[in-house]
Amino acid sequence: MKTQLIQDLEALVPRFAEALAEADASDVEAVRVQFLGRKGSLAALMAAMGGLDPQDRPEVGRVANAVKARLAELWQQCQERLAQKAQGAAMPFDAGDPAWVPHVGALHPTTRIQQEICAVLQRMGFETVSGPEVETDFHNFEALNLPPGHPARDMQDTLYITERVLLRTHTSPMQVRTMLARRPPLAIIAPGKVYRRDSDLTHTPMFHQIEGLLVDREVTMAQLRGVLTALVQAVFGASTRVRFRPSFFPFTEPSAEVDMSCVLCGGRGVLDSGEGCRVCKGTGWVEILGCGMVDPAVFAKVGIDPEQWSGFAFGLGVERMAMLKYGIGDLRLFFENDSRFVRQFA
Amino acid sequence: MLLGLSWLRQWTPFEGTAEELADRLTMLGLEVEDIRDPFAHLTSVVTGRVVECVPHPASDHLSVCRVDVGGAEFLPIVCGAPNVAAGQMVPVATVGTTLPGGMTIQKAKLRGERSWGMICSERELGLGESHGGIMVLDPKLSPGVPVPDALGLERVVLDVSITPNRADCLSVLGLARETAAAFGLPLHLPQVQLTEAGEPWSFAVEAEADACPLYQARLIRSLSVAPSPDWMRYRLLACGMRPRNNLVDVTNYVLLETGQPLHAFDADRLHGGRIRAARTPQPLDFTTLDGQVRRMEPGDILIWDAQGPVAVAGVMGGQDSEVTETTTNVLLESAVFHSLSVRRTARRLGIASEAAYRFERGVDQLATTWALDRAAALMAELAGGVVAPGVAGAEPVPYVPRSVSFRPRRVFQVLGVDPGEEFAHKTLVSLGCAVTNHENAWEVTLPSFRLDLEREIDLVEEVARFYGMDRIPAVLPPVSLSLDALAQADTSFAETAAVKAWGKGAGLLEAVNYSFVSAADIKRCGLPLEHAVRVANPLSEDMEVLRTDLVPGMLRALRHNIAGGTTRVRLFEVARIFVSDAQRETTVAEALRLAILLHGARFAERAPYPRGEVAFADIKGLVEHLLVHLGLGPCRWLVEQARPYLAEQATAWVDGRSIGAVGRIAPSIADAYEARGAVWYADLDLERLLAMARQARLRFTPLGRFPVVRRDVTLRMGWDISVDQVLGAVAAMQEPLVDEHFVLDVYHPQDAAVRHVTVRVVYRHPERTLKDKEVDKVHSRLVSRIVQQLPVQVV
């Protein structure tokens with residue numbers, strides 16, 4: 001009786017293994033019930049243990065437990081095998097199948113380069129400020145040392161709203177607004193739209209500028225050069241060279257025009273093909289911005305003592321930077337909002 | 001300013017190349033934009049000797065010539081000029097030359113005779129007006145020399161861009177001064193050999209102090225008007241001026257030389273022997289020498305004789321006193337006029353004369369006499385005249401030398417580099433300053449021709465210019481931060497950037513439209529014009545009004561995309577709108593808006609995307625997505641007519657405040673912008689959204705730990721109530737066990753008047769597992785309340 005029971009119990013293992021091997025996903029559950037169910041083979045044999053001599057029970061019990069564990073193990077392995085089989089059958093796949101790509105959006109290139117430039121300047125400690133696009137003559141011209149009738153007003157053809165109100169021709173009025181609102185030290189940048197009465201291949205009536213202003217004790221032109229060199233090299237690469245050339249702006253003195261080595265020809269003026277470079281017209285330099293030391297007359301207008309404080313200011317054209325950086329040849333593309341154009345700046 | 005290199009070299013012995021000069025001037029702030037050969041088009045026109053000249057066998061006015069142009073063979077040329085003759089040296093346009101008139105010379109046959117070139121007149125070469133016959137050159141020239149060289153024409157002209165402060169450089173003299181200072185060269189002024197002769201004369205000259213600080217005039221008698229000699233005509237041509245006659249040309253020539261505008265009156269057409277420079281007290285009509293009747297306004301400065309006005313001071317002369325072919329006596333004016341007045345008058349009259357350009361910027365009061373004498377001497381020389389003795393003039397405001405105090409250490413303080421006191425001293429002296437050394441500051445007397453130098457900082461700039469701004473080193477400044485700058489920082493840039501980043505992430509392309517639109521655009525969109533801001537001097541009708549809504553620009557962008565073949569359009573724009581507001585300093589209120597536009601297929605037409613057009617759900621979804629992004633919500637939607645350009649539309653409300661409108665562009669408007677199919681649009685008040693987002697407090701909610709129980713209810717409802725009301729009713733009950741609730745499904749049965757909306761309510765207890773029975777109780781209470789409150793039935 002005892003021996004027979006042990007044999008029957010142990011025989012369950014190969015029988016179960018065999019039955020599982022022959023079963024597929026549809027009838028495997030029936031096999032489980034047949035062996036492991038409440039009325040299955042294992043349960044029947046376990047129930048038969050009740051008729052044994054009490055002294056034989058521990059031995060048979062140990063065998064029964066071992067068999068039970070082994071059957072559970074076989075069941076587990078079978079499950080995994082079937083799961084794998086099921087997956088493999090449902091999903092043969094081709095990595096070349098078209099992907100479900102979510103909608104791709106993009107920033108306008110003006111925004112993109114503007115944010116890049118502002119990020120560099122913000123890392124240096126400049127704070128970003130904003131102000132009105134419709135300005136008073138005072139903020140746009142007079143306070144910047146451009147009194148009515150000044151010939152330098154011709155440098156910027158103005159769109160007027162009324163005689164004293166206009167669309168700002170540059171972001172420089174933000175210098176005035178900031179200096180009137182706060183006391184030095186000041187370190188601000190002001191990105192934004194500006195407007196000129198000008199429209200041709202290389203001019204649009206609206207474009208973007210970024211103004212920079214630093215007012216502190218003992219600010220020098222060498223520092224101005226440092227900030228602009230760092231900016232240009234951060235945006236266009238560390239090998240880019242920067243050139244300062246004297247110029248004139250009524251609100252800075254001394255004033256300089258800043259050129260950088262040409263992005264296309266690397267400042268050589270000729271391309272590898274031997275052709276003259278069209279971007280810099282063969283000079284190796286492209287003009288990118290105007291700058292200078294804040295004119296004492298501007299300080300006087302905003303009530304800052306030029307003997308105590310000094311400062312520098314600069315203003316750069318955002319579209320021009322974007323054209324140079326991304327190799328865009330036609331300014332008008334910036335305002336047509338062609339999806340094929342904007343999408344390229346994702 | 002066009003500067004002839006050989007002209008410059010007469011004033012200062014600069015031996016270098018044009019490129020060297022251009023580089024140096026550019027780095028001095030006098031940007032050379034171009035170096036050009038004004039006669040480059042004549043390089044293939046060469047000197048030729050007419051070796052043989054016989055009448056054309058088939059014509060009575062043509063000649064057949066053989067011309068030696070220095071080549072191996074003589075050129076056969078048929079010539080129609082009556083004055084052509086054997087032995088002459090003539091200009092020959094060789095085959096391939098394009099003449100100024102546009103004609104290109106080709107090998108031709110004229111009535112059977114070969115003609116391989118063209119013998120040219122002065123006019124055909126663009127060198128003068130004379131076209132009576134061919135130009136006959138100096139017989140001593142060799143054949144085959146390019147005509148520009150044979151005639152000694154200016155071959156190198158620098159186009160120098162002069163900034164508005166450097167009026168002194170609007171002349172050969174001024175640029176020669178800079179060149180001399182830059183290269184350490186001497187400056188040679190031309191010798192003025194003025195011989196006065198004839199009867200004494202007198203002219204009573206008066207000048208109003210605030211209009212004309214200095215007026216001087218000379219009388220030159222017995223002149224004969226004729227074309228100027230070649231050298232003067234060619235030089236004027238090279239510098240962009242059209243030669244007229246020997247009197248007018250002299251005034252232009254001396255203007256280019258010295259920067260002093262001059263005016264020649266026909267002395268016999270002036271009345272009463274008196275000249276007055278004064279503002280007109282009342283409006284009057286005046287005929288300028290171009291024959292136009294101009295309206296003069298009070299304040300305009302005019303030159304008057306005893307009878308009336310004879311010139312618009314510094315702008316343009318009058319027709320009745322102008323120099324003509326028959327002029328013999330000239331009153332030559334050299335004056336200084338009030339620059340602002342000249343500018344105002346010239347601009348109002350729309351006259352951009354060389355004279356006005358210089359008077360506006362300021363002329364050297366101490367140089368007027370020299371320019372007057374130089375011009376008088378040249379007129380006498382070139383037009384056979386006699387300069388009458390003496391100068392008539394008035395100087396109500398004599399020039400007073402100006403000086404400033406200059407601290408050499410300021411150079412280092414401003415530049416951050418020290419060129420040294422010696423360098424500063426040398427530079428100032430080379431620029432014409434007189435420097436007197438004191439302890440810490442120098443007394444610098446400024447040259448009369450540098451009106452832009454007024455202050456110490458201006459002299460610092462001069463030192464920097466000559467030291468070389470490009471030699472200033474680059475160092476980074478310590479940037480001082482203030483508490484205010486951080487605590488009260490202007491965060492709008494970062495906030496706007498975050499919204500744009502959202503747009504990009506949401507799969508939208510950023511548009512940048514012009515801030516101005518046409519009034520027609522605004523009207524077409526049904527928007528009011530009364531508070532719109534108009535541009536007083538718009539570039540075109542398309543740009544006459546500042547936009548009061550972003551929609552016209554977005555629709556234009558849509559049209560551009562459709563025209564370019566893009567039919568699936570997903571755009572957003574962040575920009576300001578403008579409306580009049582008298583309370584503001586600028587009279588205009590500006591507000592930031594966000595516009596979103598969707599049009600066409602929801603997805604690209606390709607695998608694995610499903611087909612289908614964008615719908616209300618898409619635009620509404622984007623707005624709700626943005627609100628989540630900004631930490632705002634929930635959003636309530638109210639069907640109301642809020643935007644005139646939207647057909648089906650709803651307003652969005654957050655915390656009881658309207659934040660914008662969403663809907664479909666009215667088909668008639670969409671049609672006007674060539675859109676086929678629905679255009680879905682959102683107009684959001686970004687100013688308000690950003691302010692609300694700034695206030696929004698983010699608080700953590702503990703995570704539910706016990707399992708949820710879901711119950712669904714399907715309601716039949718008509719179109720008279722909104723799905724939003726059902727959801728709102730559930731929310732309003734504030735049932736504590738409700739974790740969330742949402743629309744699970746919407747089914748449209750055969751009967752189109754109703755729909756079946758399945759709402760799923762998810763229940764959860766924060767501290768224990770819910771029993772089915774208690775959920776059933778709450779759920780049935782909730783459902784019966786909805787059915788009581790709203791016109792819906794449980795399906």
Side-chain angles (χ1 to χ4, degrees), chain A residues 98 100 102-108 110-111 115 124-125 127-130 132-136 149 151-152 159-162 165 182 185 187 193 197 199 205-206 214 216 219-223 225-227 229-230 243-248 253-254 256 293 296 335-340 342-343, chain B residues 27-29 163-165 340 343-344 360-361 414-417 457 461 464-465 469-470 472-477 479-482 485 489-490 492-493 497 500 503-512 514-515 533 535-537 539 543 557 560-561 564 566 569 576 585-588 590 607-608:
Chain A
W100 185 296
H103 292 297
V104 175
L107 296 180
H108 193 277
T110 307
T111 298
Q115 291 182 353
M124 292 187 216
E127 179 202 343
T128 312
V129 298
S130 56
E133 292 171 24
V134 177
E135 263 297 2
T136 64
L159 287 161
Y160 284 94
I161 305 298
T162 62
V165 177
R182 302 196 205 164
K193 291 186 170 115
R197 196 173 187 284
S199 183
M206 181 183 93
L214 179 78
D216 206 332
V219 176
T220 67
M221 207 152 179
Q223 293 173 344
R225 184 163 188 157
V227 166
T229 304
R243 182 171 87 164
F244 265 47
R245 203 156 38 78
S247 189
F248 169 73
E253 186 89 358
M293 305 304 292
F335 303 99
E336 288 174 344
N337 300 305
D338 196 309
S339 296
R340 296 168 297 168
V342 182
R343 191 177 291 127
Chain B
M27 294 310 279
L28 283 172
T163 51
N165 57 325
L340 270 182
R343 178 177 155 81
R344 203 176 50 224
E360 281 174 18
R361 285 160 175 73
V414 172
L415 302 184
V417 64
I457 192 72
E461 182 175 58
R465 250 176 6 104
M469 276 195 193
D470 204 38
I472 295 173
V475 298
L476 280 181
V479 175
S480 317
L481 297 178
S482 64
D490 180 342
S492 59
F493 181 76
K500 290 180 176 183
K504 173 182 172 172
L508 302 168
L509 300 179
E510 189 192 0
V512 175
Y514 285 140
S515 295
V533 179
V535 178
N537 57 337
L539 268 167
M543 302 183 182
H560 178 85
N561 273 284
T566 305
V569 181
R576 295 192 188 163
E585 182 188 24
T586 63
T587 70
V588 173
E590 305 180 18

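In the text below, chain A, chain B and the rest are named by the order of the sequence lines, each starting its count at 1.
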- Item | CZ on A:R243 to CE on B:M469, rounded to 0.5 Å |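 So the gap between those two atoms works out to 13.0 Å.
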
Per-residue contact mode, [X] against chain A (heavy atom under 4.5 angstrom):
| X | answer |
| --- | --- |
| B:E590 | side chain |
| B:L28 | backbone |
| B:V535 | both |
| B:S492 | side chain |
| B:N537 | both |
| B:V588 | side chain |
| B:R465 | both |
| B:S480 | both |
| B:L340 | side chain |
| B:A511 | both |

With respect to chain A, which residue among [options] yields the maximal number of heavy-atom pairs within a distance under 4.5 Å?
| options | answer |
| --- | --- |
| B:G29, B:G416, B:P608 | B:P608 |
| B:L476, B:T586, B:T566 | B:T586 |
| B:V512, B:V417, B:I457 | B:V512 |

Considering only heavy atoms, which portion of [X] lies under 4.5 Å from any heavy atom of chain B: side chain, backbone, both, or neither?
| X | value |
| --- | --- |
| A:E127 | side chain |
| A:D216 | side chain |
| A:A230 | side chain |
| A:S130 | both |
| A:V165 | side chain |

Check: [Y] and [X] side chains under 4.5 Å, non-hydrogen atoms:
| X | Y | value |
| --- | --- | --- |
| A:V219 | B:P477 | no |
| A:Q115 | A:L107 | yes |
| A:H108 | A:N337 | yes |

Might you point out which heavy atoms bring [X] and [Y] nearest each other, and give the distance in Å?
| X | Y | answer |
| --- | --- | --- |
| B:L539 | A:S199 | CD1-CB, 3.9 Å |
| A:I161 | B:A536 | O-CB, 3.6 Å |
| B:V479 | A:G125 | CG1-O, 3.7 Å |

Donor-acceptor contact below 3.5 Å, side chain B:R343 vs main chain A:G149: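 Pair found, side chain donor or acceptor close to backbone of A:G149.
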
